[in-house]
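Here the structure comes first, spelled out in structure tokens, and everything after it is commentary.
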Amino acid sequence: MVSWNSLLGVHARNADLDEVLALFELMPEKNLVSWNSLLSACARTGEIQVAMQVFESMAQWDLFSWNTMLAAFAQQGALEQANYLFKNIPERDRVSWNSMLTLHTESGHVDQAKNLFEEMPQHDLVTWTCMLVVNTQRGLVDDAKSVWMSMPEWDLISCTTIMCAYVSDGELKEARRIFDQLPQRDTVSQSAMISAYAQSGHLEDAKLLLNEMPLQNLICWNEILAATAQEGRVQRARQMFEEMPHHD
RNA sequence: AAGAACUUUGGAU
């Protein structure tokens with residue numbers, strides 16, 4: 001059962017709803033985790049109607065189920081439905097609160113995000129990072145910086161987020177300073193820095209970083225190709241495209 | 001608040 005669920009989880013994470021449905025049919029028995037994975041697959045593919053049907057046909061729910069449904073509404077910006085569910089579920093945890101916060105984050109509603117932040121019983125790294133994002137999205141980089149100063153702790157994701165705030169403010173050198181001081185680097189932080197260089201016309205810096213990167217991905221290559229083509233060097237871009245490695 | 005598998009929330013496009 002656990003192995004079936006693991007498999008379901010992989011496909012759910014890949015947003016491969018067809019595969020999840022097929023596996024779901026094949027499974028000899030299903031438990032709440034299986035149902036939650038199905039729900040999550042619907043949410044990830046944006047099939048909100050299907051998600052609601054699945055949710056309603058479930059025999060029981062737990063925090064995972066409620067939180068998945070909340071996240072689905074949040075991702076769609078479905079404020080009314082998210083609020084209604086949030087008010088009516090028997091229990092809420094940090095994930096539930098944070099999911100409600102992401103709803104305001106994605107729509108850039110700083111004031112509503114702040115209000116919710118005040119109401120929240122606890123603030124964790126996800127909460128704080130949402131506040132960084134919503135301020136940055138609104139161009140309120142100074143506010144994002146003060147949020148940053150108020151944070152009790154930081155991790156790679158929050159560091160990458162504040163780095164992007166500097167980028168969006170045009171402070172590339174400061175962003176690079178943060179990048180160099182990151183606790184670790186992963187594909188997202190590297191891609192973010194490369195994109196920043198590529199999009200601001202610093203093609204050489206972008207390429208330099210790409211060559212140092214142990215984990216190259218398509219996003220970085222696309223950014224650099226686009227920047228090269230932008231410079232009018234279409235031939236060169238085509239040539240690079242052909243030299244591109246084929247991993248992921 | 002010992003160690004123990006599968007599902008939910010934050011960052012690059």
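Chain identifiers are assigned alphabetically (A, B, ...) following the order of the sequence lines, protein sequences preceding nucleic acid strands; residue numbering begins at 1 within each chain.
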What's [X] touching, base or sugar-phosphate or nothing? Going by heavy atoms closer than 4.0 Å.
{"X": "A:S191", "result": "base"}
{"X": "A:T160", "result": "base"}
{"X": "A:L125", "result": "base"}
{"X": "A:Q190", "result": "nothing"}

Name the closest nucleotide to the [X] side chain, picking from [options].
{"X": "A:V2", "options": "B:U9, B:G11, B:C6", "result": "B:C6"}
{"X": "A:S40", "options": "B:C6, B:G11, B:U8", "result": "B:U8"}
{"X": "A:N67", "options": "B:U8, B:U9, B:G11", "result": "B:U8"}
{"X": "A:N217", "options": "B:U9, B:C6, B:A12", "result": "B:A12"}
{"X": "A:S189", "options": "B:A12, B:C6, B:G11", "result": "B:G11"}
{"X": "A:D186", "options": "B:G10, B:G11, B:U13", "result": "B:G11"}
{"X": "A:N36", "options": "B:U7, B:G11, B:U9", "result": "B:U7"}
{"X": "A:T68", "options": "B:C6, B:U8, B:U9", "result": "B:U8"}
{"X": "A:R13", "options": "B:U9, B:A12, B:C6", "result": "B:C6"}
{"X": "A:R44", "options": "B:U8, B:A12, B:G10", "result": "B:U8"}

When the distance from [atom1] of [X] to [atom2] of [N] is rounded to whole Å, what number comes out?
{"X": "A:D93", "N": "B:G10", "atom1": "CG", "atom2": "P", "answer": "14 Å"}
{"X": "A:Q122", "N": "B:G10", "atom1": "CD", "atom2": "C1'", "answer": "16 Å"}
{"X": "A:I224", "N": "B:A12", "atom1": "CD1", "atom2": "P", "answer": "18 Å"}
{"X": "A:W4", "N": "B:U7", "atom1": "CH2", "atom2": "P", "answer": "17 Å"}
{"X": "A:L218", "N": "B:U13", "atom1": "CG", "atom2": "P", "answer": "15 Å"}
{"X": "A:W221", "N": "B:A12", "atom1": "CH2", "atom2": "P", "answer": "23 Å"}
{"X": "A:L8", "N": "B:C6", "atom1": "CG", "atom2": "P", "answer": "14 Å"}
{"X": "A:M27", "N": "B:U7", "atom1": "CE", "atom2": "C1'", "answer": "11 Å"}

| request: On the 0 to 90° scale, with breaks at 30° and 60°, tag the A:W61-A:F55 ring pair as parallel, tilted or perpendicular. | output: tilted

| message | Which label fits A:W35 and A:F24: parallel for a plane angle under 30°, tilted from 30 to 60°, or perpendicular past 60°? | response | perpendicular

| request: Taking the six-membered ring for Trp and the single ring otherwise, decide whether the centroids of A:W148 and A:W154 are under 6.0 Å apart. | output: yes

| query | Under 6.0 Å between ring centres, would you say that holds for A:F117 and A:W97? | reply | no

| request: Check whether the side chain of A:D124 and the base of B:G10 form a donor-acceptor pair under 3.5 Å. | output: no

| Check: A:D155 side chain, B:G11 base, donor-acceptor under 3.5 Å | no

| Shortest non-hydrogen contact from A:R92 to A:K87? | NH2-O, 3.1 Å

| Among A:H109, A:K114, A:Q112, which one satisfies side-chain hydrogen bond (donor to acceptor under 3.5 Å, both in side chains) with A:H104? | A:Q112

| Stacked pair A:F64-B:U8, distance under 5.5 Å, angle under 30° | no

